[in-house]
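Order of listing sets the numbers, starting from 1, for every ligand and every atom in it.
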Amino acid sequence: MTNEHLPPGQRAARGWPVSHYGPVPRFRADRWNLQVFGATATREKYSWTLEEVTALPATTITADLHCASGTSTFGHEFFGVPAAVLLELAPPGPHVTHVMAWAEYGYSANIRIEEFTSEQSLLATHHNGEMLTAEHGFPLRLVVPHLYGYKGPKWLRGIEYMTQDRRGFWEERGYHNLADPWAEQRYSYQEDDCH
Ligand SMILES: Nc1nc2c(c(=O)[nH]1)N[C@H]1C(S)=C(S)[C@@H](COP(=O)(O)O)O[C@H]1N2
Ligand SMILES: [Mo]
């Protein structure tokens, strides 16, 4: 790891700390699905079981993770379904500008559509060759490595297509709407500078 990989104001964490709000949800295969809903092209709602998700085209990415509270971890190898694949299977309507990524217990993160479908954006099932652990998001988590960690819900359950922006969980609680770690877009009070 070199300093050029460390965004401004971040420090390297040891190991891979676990960081989230609230309890770790229990996985129930019979109740679990991944849904795509909202402004889909046909207005229909899509749903996949975990078995179906794991049968979708998948790829491996290597990424660093940057938590907005100041710690970074490096060189994670994630395996899973590119967000762009999901968009092909569930085409968005013409006016979709953002998605809301939804997790268990109502956690959410809003992401601009072009960032959601960027090359490194992945619905991950595996980390460093092993299934995700419960604390790190089993069975499915979103990874958007070019944004702060709060834009990547663990225990992902849904993608909502939106025709206008709406703030997610941390974005409503003082964190930056855009979350670019290289521009240090950490807190919502900084947003005046970038609009
Ligand atoms: N469902 C859910 N996902 C979440 C969070 C959360 O509170 N709930 N926290 C986010 C934040 S702020 C970070 S930094 C990363 C941390 O991921 P890690 O615990 O695997 O390091 O998870 C993100 N995903
Ligand atoms: Mo975070």
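Ligand 1 is surrounded by Trp16, Pro17, Val18, Ser19, His20, Tyr21, Cys67, Ala103, Tyr107, His136, Arg141, Gly149, Tyr150, Gly152, Pro153, Lys154, Trp155, each with at least one heavy atom closer than 4.0 Å.
Residues Ile159 and Trp48 fall within the same hydrophobic cluster, defined by Ile, Leu, Val, Met, Phe, Trp and Tyr side chains chained together at heavy-atom separations under 4.5 Å. Leu147 is connected to Leu123 through a chain of hydrophobic side-chain contacts under 4.5 Å among Ile, Leu, Val, Met, Phe, Trp and Tyr, so both are in one cluster.
For Glu119, the CD atom sits in a loose shell: 12 or fewer heavy atoms of surrounding residues, nucleotides or ligands are nearer than 6.0 Å.
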Could you tabulate the donor-acceptor pairs under 3.5 Å formed by side-chain atoms of residues 87-101, not counting sequence neighbours?
none

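For His146, the side chain to side chain contact (heavy atoms under 4.5 Å, CB included) criterion is met by Glu115, Ser118, Val144, not counting sequence neighbours. In this structure Glu77 satisfies the side chain to side chain contact (heavy atoms under 4.5 Å, CB included) test together with Thr60, Thr62, Asn128, sequence neighbours excluded.
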